Engineer: 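Before I ask anything, let me first share the structure, which is written out below as structure tokens.
Nothing fancy with the numbering, it's 1 onward along the sequence. Note that the coordinates shown come from a computational prediction; the quantities given were computed from them, not determined experimentally. Because only heavy atoms are used, hydrogens play no part in the values below, and waters and symmetry mates are left out as well, while side chains stay in. Counting convention: from 1, in listed order, for ligands and their atoms alike.
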Amino acid sequence: MQTLPLPIPFWKMNGAGNDFIIIDHRQPLIPQEKMAEFSRLLCRRKFSVGADGVFLVEPSTRADFSWRFFNSDGSEAEMCGNGARCVARFAYMQGIAAARMRFETLAGLVEASVADTRVTIRMTPPHSFLFDRQVEVDGQRFLVHSVDTGVPHAVLFTDDIDMVDVVGLGRLIRHHPDFAPAGTNVNFIGRTTDGFRIRTYERGVEDETMACGTGVAAGALIAAAKGLVSSPVDMVTSGGVALTVQLLDQDETKAAAVLLRGPAHIVYKGEITAEAFV
Ligand SMILES: N[C@H](CCC[C@H](N)C(=O)O)C(=O)O
């Protein structure tokens, strides 16, 4: 990484505790072939900045901007709901886009509307719904639903959201042959006295994250299709922050449009030096 034009300015942001490094990459700084390793090294907690992922904001000919998004393990993902809120606020505050904007992701066009620290995004159309699949892991069978909300998500309902082994069971389902070769994020939803809680094992972070925006959207879509909720749906994520999902033009199983609303916080602004890669 020594040949990079260092230092590189960045913002550290989080959406409901899902944290990201965001870089204005409209002027190319990082060669494509180095982006994955660049991101993986920067996401190491303790040795470097530490984050669940890295966003490189780039130009677009058909929207306000586009992005490249890399998980903390360096894998590139199509979409990120919490990250989309953070990047939208970054773009607005940097003068890259107006408060209402559109940007390109590998999953398609995303619309966003920034209102101070709260951002609403219109997700890419959900697809590939699958209900009531029996998935066997470790000799046990689990009832799994799935949907793609920009990235693939498995959704399971649990009677004890506090006790479920999110990392152990999540990792097994994430790597299950049924979801190969892309793998999947794994969401566990529990009903509580005052609503729903969701915990997510995230592909590419390979751990439970404090929140997963596309996961909350997936959970809301599956729960609504099963008649368990009606729009708008609030789901409390692992970090204790509620995200709101609005399902527009919902018919009995699917929603034509999905809005995700929640916080996008700027934690600090910094500069990446050569020692961030040691
Ligand atoms: N790690 C996910 C992408 C980020 C999803 C999550 N951070 C969100 O807010 O949607 C994957 O590789 O499918």
Engineer: Go through ligand 1 atom by atom and flag the ones less than 4.0 Å from a non-hydrogen atom of N185.
Structural biologist: 1 (N), 2 (C), 11 (C), 13 (O)
Engineer: Hey, is D52 touching ligand 1 through its side chain, its backbone, both or neither, going by heavy atoms under 4.0 Å?
Structural biologist: neither
Engineer: Taking the side chain as every heavy atom from C-beta outward, state whether I23 and I272 have any pair of such atoms under 4.5 Å apart.
Structural biologist: yes
Engineer: Report, in ascending order of atom number, the atoms of ligand 1 lying under 4.0 Å from any heavy atom of N71.
Structural biologist: 1 (N), 2 (C), 3 (C), 11 (C), 12 (O)
Engineer: Is a salt bridge present between E78 and R203, judged by a nitrogen-to-oxygen distance below 4.0 Å?
Structural biologist: yes
Engineer: Where do V245 and L247 land on the side-chain contact (heavy atoms from CB on, under 4.5 Å) test, with the steps shown first?
Structural biologist: CA-CA 6 Å; V245 177; L247 305 174; 3.7 Å; yes
Engineer: Please could you name the atoms of ligand 1 that M79 approaches to less than 4.0 Å, counting only its heavy atoms?
Structural biologist: 3 (C), 4 (C)
Engineer: Just to check, does V205 reach to within less than 4.0 Å of ligand 1 when the distance is taken from its heavy atoms?
Structural biologist: no
Engineer: Would you please say whether a donor-acceptor pair under 3.5 Å links the side chains of S72 and D52?
Structural biologist: no
Engineer: Backbone, side chain, both or neither: what part of N18 comes under 4.0 angstrom of ligand 1, heavy atoms only?
Structural biologist: side chain
Engineer: Can you tell me how far apart CG (L106) and OG (S66) are? Round to the nearest 0.5 Å.
Structural biologist: 9.0 Å
Engineer: Check this for me, if you would: do E37 and K34 make a salt bridge, where the nitrogen-to-carboxylate-oxygen distance has to be below 4.0 angstrom?
Structural biologist: no
Engineer: Could you tell me whether R102 and E111 make a salt bridge, using a distance below 4.0 angstrom between a side-chain N and a carboxylate O?
Structural biologist: no
Engineer: Do D160 and T158 get their side chains close enough for a donor-acceptor pair, meaning under 3.5 Å?
Structural biologist: no
Engineer: G81 heavy atoms, cut-off 4.0 Å: which ligand 1 atoms fall inside?
Structural biologist: 8 (C), 9 (O), 10 (O)
Engineer: Are any of the N/O atoms on G213, whether in the backbone or the side chain, positioned under 3.5 angstrom from an N/O atom of ligand 1?
Structural biologist: yes
Engineer: Hey, would you say the F38 and F277 ring centroids sit under 6.0 Å apart?
Structural biologist: yes
Engineer: So which of M123, R203, E202, H153 gets nearest to atom 4 (C) of ligand 1, if we judge by its closest heavy atom?
Structural biologist: E202
Engineer: N82 heavy atoms, cut-off 4.0 Å: which ligand 1 atoms fall inside?
Structural biologist: 8 (C), 9 (O)
Engineer: For ligand 1, which part of T214 has a heavy atom less than 4.0 Å away: the side chain, the backbone, both, or neither?
Structural biologist: both
Engineer: Could you see which bit of C212 sits under 4.0 Å from ligand 1, with heavy atoms only: side chain, backbone, both or neither?
Structural biologist: both
Engineer: Number the atoms of ligand 1 from 1 as they appear, then name those within less than 4.0 Å of a heavy atom of V151, with their elements.
Structural biologist: 13 (O)
